[in-house]
Amino acid sequence: MQKLTSRPMNVSRRGFLAGSGALVLSTALPARMVRAQGAEAPAVQTLLELRPDGTALLRSPFVEGGQGIFTAMAQIVGEELDLAPEQFTVEVAAPGAGAALTGGSASTRSGYEPMRQLGAAARAMLMEAAAQQWDVDVAELTTEPGAVLHDATGRRAPYGDLAAAAMDLPVPTDMTLRDPSEFRWIKTSVPRIDVRAKSTGAAKYAIDQEVENMLLAAVQHAPRLGLTPASVTNQSDIEAMRGVHSVHLLDGAVAVVADKFWQARRAVEAAEVEWTEGTAEWPMPADFSSSAFRDTLADAAGDAVEIEATGDAAAALAEAGTVVEAVYDAPFVVHGQLEPPSTIARFNDDGSLELWMPNQSPGQFQAAAAEAAGLEPAQVRIHSQSLGGFFGRHFLYRTANPFPQAIALAQATGRPVKLIWTREEDFLRDAPRPLGVARFRAAMGPEGPVALEATVIGEGPTQRWYGAPPGNDASASEGISGKSYAIENTLVQQVPLPNPAVIGYWRAVGHSMHDFMYEGFLDELAAAGGLDPYEMRLSMLSGNDRLHTLLTRVGALSGGWQPGTYEVDGTTRARGVAMASPFGSEAAAIAEVSIDGGEVRVHQVWVALDPGQIVNPAVVEAQVQSAVALGVSQTLVEELVYEDGEPTARNFDMYPILRPDQMPEVHVDIVESGAAMGGVGEPGLPAVGPAIVNAVAVLTGQRVRSLPLSKHNFG
């Protein structure tokens with residue numbers, strides 16, 4: 001049994017819900033920003049309310065965005081409380097009550113222990129309340145789901161009947177947590193608690209919200225970030241359109257407010273705007289293009305900052321008879337989440353501000369909204385709904401969120417305003433994943449690489465948004481740094497170079513492109529040394545039982561590793577393999593591909609994922625399935641192109657994503673090694689791309705070093 005090292009807290013529980021007859025507890029967990037640098041972060045409170053009817057309300061510090069975190073939290077708290085997950089309602093905690101940042105595949109692993117403690121404390125208090133009512137020793141009591149039992153007398157008290165009495169008891173300081181062998185719900189494929197609402201259309205996202213007396217708004221952004229409206233030459237005509245309330249010139253955009261959204265959209269799209277240079281924090285150069293920027297990164301010759309090193313790579317490379325060199329790159333990619341950005345802004349009679357908007361960090365948005373509105377953070381209330389798509393889109397990117405515009409429009413009109421960005425405006429102001437470039441040099445020995453030098457060039461989103469210094473910004477190098485292969489001499493370094501585009505986090509962040517680069521180059525080395533890439537990796541993991549086992553498992557999952565080409569149903573196919581170590585988890589993937597009409601077709605992907613420990617196997621598998629879909633999509637077809645400082649794609653007609661007929665069969669093996677709990681939302685993605693590219697190289701003899709594959713000719 002595990003002793004608690006910290007305990008849930010009594011934070012004015014009676015004052016929180018005075019007279020409700022409910023038991024209310026809170027607990028704390030670190031509110032560390034994903035990958036943020038610097039000082040210790042404040043504590044975050046999570047509130048558990050056990051109601052008189054025996055159901056529970058959990059105010060989660062984490063936002064639900066399809067990853068299943070609400071179900072996981074209900075499982076974890078319910079396990080120790082002894083209350084079935086379906087008896088829980090889960091909501092996002094308001095910033096003042098401690099909503100954390102949701103990202104980095106960190107929610108379950110950071111909340112696991114505190115949530116168990118919270119449930120255990122509530123159960124102990126309910127048992128103590130029953131012991132006092134029945135005048136028995138608490139050691140004589142047990143629980144069943146939702147009730148306290150006294151086997152000696154046959155008495156049974158539902159939790160709801162004990163909640164009020166338990167409310168007045170002290171929070172216990174000495175408890176034990178359940179042994180994993182006793183788990184009833186943790187490690188079980190409990191059905192998701194939000195699936196019915198989502199399946200029936202009852203679930204409400206930010207874009208679905210309405211408030212009384214609200215107006216609807218649409219915007220037309222400047223085609224290039226840095227421009228701002230000087231005038232609307234046909235403003236009087238726009239204002240005369242049906243339903244239009246007013247026209248507004250904002251920083252970098254024109255907005256129309258109307259009775260209905262489609263009236264606002266039709267009007268703003270008809271606006272004839274004269275644009276002029278403005279004062280944006282990150283103006284896009286008028287001559288910026290993604291192709292030229294790729295060349296700039298590839299040719300960058302600035303001073304490199306060391307990230308990690310073993311042995312003496314420089315000396316080993318200097319002494320090598322043959323050095324293999326390559327330059328890899330991956331493009332800008334958009335988030336393209338299902339729900340486009342929106343915000344409702346309402347000022348109340350007391351001067352406070354309420355906002356309904358999709359977000360991954362209510363506390364950060366509360367502070368930013370207060371600054372935009374000229375208020376104190378305590379005067380701003382953030383309503384956080386489930387997200388209609390995640391992928392890192394809903395972080396606080398200062399030019400990529402509509403809430404400052406909604407606040408300005410609500411101030412100008414004196415009424416609540418709901419602003420929705422169309423897909424075109426979302427594409428125009430999205431904060432895409434950075435375009436990335438890496439240079440590699442390596443020397444081979446008879447059994448594998450003996451020296452490897454990798455240089456990443458550019459800037460990561462953590463440097464941009466949180467000030468992480470070059471060399472200490474995981475988002476700029478992860479997937480190239482942090483690899484576990486046994487290579488005697490290695491050097492990973494960064495040449496920092498600012499990105500003119502406003503960049504952001506994207507699912508798996510740096511791993512999403514850097515593992516493609518590293519694992520692709522590793523296959524190049526295997527080919528140079530005449531080695532089988534799967535067997536070479538196994539030998540490089542000798543002594544690393546966790547990763548050696550994982551690679552062996554994915555090989556077995558695929559029916560056994562098959563080198564070279566082979567025939568299936570009249571098609572010539574090949575397989576590729578790759579590994580990744582993202583977010584505290586380990587992943588290995590094998591992909592099977594063929595060429596159909598000059599295009600790459602991915603038939604099957606096998607993924608073995610070791611997150612150390614898991615809560616819900618079904619949710620883990622679903623996350624891997626979706627990660628594979630996104631990994632295949634970005635590998636085959638996704639690329640955001642800039643020309644003249646503007647993105648050329650404004651919707652999915654110019655930015656293709658994976659079609660249903662391109663989706664491969666996905667096979668998942670969840671490996672619980674017992675290591676510390678890692679993430680599951682993102683780790684299934686990074687190994688997919690390089691496995692596909694490595695298979696293409698086997699099949700065609702063509703080594704692809706630049707994504708997506710759709711821009712290459714395999715005819």
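- A side-chain donor-acceptor contact under 3.5 Å links H511 and D515.
- S342 and Y205 are not linked by any side-chain donor-acceptor pair at a separation below 3.5 angstrom, with hydrogens and angles left out of the test.
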Tell me which donor-acceptor pairs under 3.5 Å the side chains of residues 578-585 have, and how far apart each pair is, sequence neighbours excluded?
| unit_1 | atom_1 | unit_2 | atom_2 | d |
| --- | --- | --- | --- | --- |
| S581 | OG | E586 | OE1 | 2.4 |
| S585 | OG | G679 | N | 3.2 |
| S585 | OG | G679 | O | 2.5 |

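- Annotation: the span from I503 atom CD1 to Y397 atom OH amounts to 9.5 Å, rounded to 0.5 Å.
- Remark: H667 pairs with W606 by the ring pair (Phe, Tyr, Trp, His ring centres under 6.0 Å) rule, at least two apart or across chains.
- By the salt bridge (Lys or Arg N to Asp or Glu O under 4.0 Å) test, R464 pairs with E459, sequence neighbours left out.
- For the side chain to side chain contact (heavy atoms under 4.5 Å, CB included) test, residues two or more places apart in sequence or in another chain that qualify with E376 are Q379.
- Ion pairing between E682 and R507 fails under the 4.0 Å rule for side-chain N and carboxylate O.
- For the side chain to side chain contact (heavy atoms under 4.5 Å, CB included) test, residues two or more places apart in sequence or in another chain that qualify with P145 are D82, R184, W185.
- Applying the side chain to side chain contact (heavy atoms under 4.5 Å, CB included) criterion to E354, with sequence neighbours excluded, gives R346, N348, W356, R381, H383.
- Contact annotation: the side chain of V333 never approaches that of P432 to less than 4.5 Å [non-hydrogen atoms, C-beta and beyond].
- Sorted by first then second residue, the salt bridge (charged side-chain N to carboxylate O under 4.0 Å, His left out) pairs that include residues 61-78, not counting sequence neighbours, are E64-R192.
- T200 is linked by a side chain to side chain contact (heavy atoms under 4.5 Å, CB included) to R196, A202, counting only residues two or more places apart in sequence or in another chain.
- Between L58 and T89, every side-chain heavy-atom pair lies at or beyond the 4.5 Å cut-off.
- For residues 137-147, every residue pair satisfying the salt bridge (charged side-chain N to carboxylate O under 4.0 Å, His left out) rule, not counting sequence neighbours, is listed here: E144-R156.
- Considering only heavy atoms from C-beta on, I670 stays 4.5 Å or farther from L609 through its side chain.
- Of the N and O atoms on the side chains of E128 and Q132, at least one donor lies less than 3.5 Å from an acceptor on the other residue.
- Among residues two or more places apart in sequence or in another chain, the salt bridge (Lys or Arg N to Asp or Glu O under 4.0 Å) test is passed with E86 by none.
- Annotation for E371: atom CD does not count as buried by contact number, only 12 or fewer foreign heavy atoms lying within 6.0 Å.
- With sequence neighbours left out, the salt bridge (Lys or Arg N to Asp or Glu O under 4.0 Å) criterion links K204 to no other residue.
- Shown here are the ring pair (Phe, Tyr, Trp, His ring centres under 6.0 Å) partners of F403, two or more places apart in sequence or in another chain: F365.
- A heavy-atom distance below 4.5 Å is found between the side chains of Y159 and L81.
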